[in-house]
Amino acid sequence: MTEMTAERVLELLDALAGLEVWVDGGWGVDALVGRQTRPHGDLDLGVARPELDRVVERLGDLGYDVTDARYVEVTVQLTHAVEGHRVDLHPSTPLAGGGTEQLDFDGHTHFIPPPTSGRIDGRLVRCMPASAQRQSHQGYEFRPQDLHDMDLLDGLD
C-alpha cells in the first residue's frame with residue numbers, strides 16, 4: 001500500500017469541498033495535534049450518510065474504485081486504481097440537534113459531536129473531535145499506530 005501523504009489528503013479534501021466530510025482516524029488525530037506524527041497508509045473520512053453517493057462519485061472521478069462495501073452501513077473502502085492510495089469512508093446519520101450517529105460493526109450506534117477544527121500541513125481542516133476519536137478506538141486490539149494515536153489523544157487533555 002502506498003503512503004497517504006499530507007499533500008494527497010489536502011488534494012482529496014479540495015476535491016470533496018462542499019460535501020459534508022471530516023477527517024478521522026490517524027490523520028484526524030494528527031489534525032487535532034496540528035502536525036503529522038507518523039506515516040499513514042490511508043485516509044479515514046467521516047461522511048454524512050446523505051452525501052455518501054456523491055463522495056464515492058467524486059472519488060471515482062479521481063481514479064478511486066470501491067474495493068470493499070460489504071459493510072456499507074459502517075464503512076466503504078476505496079482504493080486508487082493506479083497509485084494504491086486508500087480512502088475509508090465512515091458514514092453517519094445527521095441529527096437534528098447537531099452531530100451525527102454512527103453505526104458500529106456490532107449494530108450499536110454512537111453519537112459523534114459536530115466536527116472541530118484541526119490542521120494538516122498548516123491548513124485548517126474539519127476533523128472528528130477528540131472525544132469521538134477516543135470512542136472509535138474501542139472494541140478491538142490495538143496495533144502500534146493505535147497506541148501511538150491514543151497517546152497523542154491523551155496529551156490533548
Side-chain angles (χ1 to χ4, degrees), residues 1-6 8-32 36-95 98-116 118 120 125-150 152-153:
M1 179 172 19
T2 306
E3 182 178 346
M4 179 63 73
T5 64
R8 171 66 66 165
V9 169
L10 295 174
E11 288 172 0
L12 290 170
L13 293 175
D14 286 345
L16 298 171
L19 297 175
E20 188 68 21
V21 300
W22 55 92
V23 182
D24 67 14
W27 270 113
V29 172
D30 278 0
L32 287 169
Q36 184 174 353
T37 65
R38 64 174 177 85
H40 297 276
D42 66 358
L43 171 63
D44 293 289
L45 291 175
V47 179
R49 191 172 304 283
E51 307 253 14
L52 182 60
D53 290 343
R54 283 182 290 242
V55 171
V56 169
E57 183 180 324
R58 283 207 196 160
L59 291 172
D61 292 344
L62 298 174
Y64 287 84
D65 297 317
V66 173
T67 49
D68 191 348
R70 292 174 293 160
Y71 310 102
V72 70
E73 292 300 312
V74 180
T75 186
V76 176
Q77 183 182 94
L78 297 94
T79 305
H80 193 276
V82 175
E83 298 176 21
H85 301 111
R86 199 176 81 224
V87 178
D88 294 336
L89 303 176
H90 304 282
S92 58
T93 303
L95 300 174
T100 61
E101 198 170 63
Q102 190 173 49
L103 192 66
D104 68 18
F105 284 105
D106 295 322
H108 303 106
T109 56
H110 301 278
F111 174 70
I112 300 174
T116 190
I120 294 177
V125 298
R126 292 166 31 100
C127 58
M128 180 185 275
S131 61
Q133 281 280 11
R134 285 186 191 92
Q135 184 163 347
S136 72
H137 281 82
Q138 304 292 320
Y140 65 94
E141 190 172 328
F142 284 170
R143 304 162 297 171
Q145 61 265 37
D146 299 313
L147 292 170
H148 172 85
D149 291 349
M150 289 301 289
L152 290 172
L153 289 169

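Quick note: residue numbers are just sequence positions, from 1. Just so it is clear, the values below take in all heavy atoms, side chains as well, and ignore hydrogens, waters and symmetry mates.
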Next on the checklist: Show, in sequence, the C-alpha distance, side-chain angles and deciding distance for His110 and Gln102, and conclude whether the side-chain hydrogen bond (donor to acceptor under 3.5 Å, both in side chains) test is met.
Outcome noted: CA-CA 5 Å; His110 301 278; Gln102 190 173 49; over 6 Å; no

Checklist entry - Roughly how far, to the nearest 0.5 Å, is CD of Gln135 from CG of Asp104? => result 9.0 Å

Next on the checklist: Are the side chains of Asp42 and Asp44 in contact, using a 4.5 Å heavy-atom criterion?
Outcome noted: yes

Item to check | Side-chain donor or acceptor of Trp22 paired with backbone N/O of Pro129 under 3.5 Å | outcome: no

Item to check | Side chain to side chain, Asp30 and Ile120, heavy atoms closer than 4.5 Å | outcome: no

Item to check | Test log, rule side-chain hydrogen bond (donor to acceptor under 3.5 Å, both in side chains), inputs Asp88 and Thr75 | outcome: CA-CA 7 Å; Asp88 294 336; Thr75 186; 5.1 Å; no

Item to check | Separation of Asp14 CG from Leu12 CG (nearest 0.5 Å) | outcome: 9.0 Å

Checklist entry - Okay, side chain of Asp68, backbone of Gln77: is any donor-acceptor separation there less than 3.5 Å? => result no

Item to check | Euclidean distance, Ile112 CD1 relative to Ser131 OG, rounded to 0.5 Å | outcome: 9.5 Å

Next on the checklist: Quick one, Asp65 with His80, criterion side-chain hydrogen bond (donor to acceptor under 3.5 Å, both in side chains). Give me CA distance, side-chain angles, the key distance, then yes/no.
Outcome noted: CA-CA 6 Å; Asp65 297 317; His80 193 276; over 6 Å; no

Item to check | Residue pair Thr93, Leu103: steps toward the side-chain contact (heavy atoms from CB on, under 4.5 Å) verdict | outcome: CA-CA 9 Å; Thr93 303; Leu103 192 66; over 6 Å; no

Checklist entry - Are Ser92 and Val47 close enough, and set up right, to give a side-chain contact (heavy atoms from CB on, under 4.5 Å), and what steps lead you there? => result CA-CA 6 Å; Ser92 58; Val47 179; over 6 Å; no

Next on the checklist: Side chains of Thr100 and Phe111, heavy atoms from C-beta outward: is any pair under 4.5 Å?
Outcome noted: no

Checklist entry - Heavy-atom distance under 4.5 Å between the side chains of Gln36 and Thr5, does that happen here? => result no

Item to check | Audit row: Val23, Leu45, side-chain contact (heavy atoms from CB on, under 4.5 Å) steps and yes/no | outcome: CA-CA 5 Å; Val23 182; Leu45 291 175; 4.1 Å; yes

Next on the checklist: Could you measure the distance from the NE2 atom of His40 to the OG1 atom of Thr2? Nearest 0.5 Å is fine.
Outcome noted: 15.0 Å

Item to check | Donor-acceptor under 3.5 Å (Asp24 side chain, Gly28 main chain) | outcome: no

Checklist outcome for this item: Nearest heavy-atom approach of Pro114 to Gly99 is CG-N, 3.6 Å

Item to check | Pairing of Asp149 and Arg38 as salt bridge, 4.0 angstrom limit | outcome: yes

Item to check | Euclidean distance, Arg134 CZ relative to Leu153 CG, rounded to 0.5 Å | outcome: 5.5 Å

Checklist entry - Passes side-chain contact (heavy atoms from CB on, under 4.5 Å), Glu20 versus Arg126? Steps please. => result CA-CA 10 Å; Glu20 188 68 21; Arg126 292 166 31 100; 2.7 Å; yes

Item to check | Side-chain donor or acceptor of Arg58 paired with backbone N/O of Ala15 under 3.5 Å | outcome: yes

Checklist entry - With a 4.5 Å limit on heavy-atom distance, are the side chains of Leu78 and Arg86 in contact? => result no

Item to check | Contact check, side chains of Leu13 and Val9, non-hydrogen atoms, under 4.5 Å | outcome: yes

Checklist entry - Below 4.5 Å, heavy atoms only, C-beta onward: do Leu152 and Leu32 meet side chain to side chain? => result no

Checklist entry - Which salt bridge (charged side-chain N to carboxylate O under 4.0 Å, His left out) pairs, counting each pair once, include a residue from residues 46-55, with sequence neighbours left out? => result Arg49-Glu73, Glu51-Arg54

Checklist entry - Got a second to check how far Leu43's CG is from Trp27's CH2, nearest 0.5 Å? => result 8.5 Å

Checklist entry - Backbone N or O of His85 within a donor-acceptor pair of the Glu83 side chain at under 3.5 Å? => result no

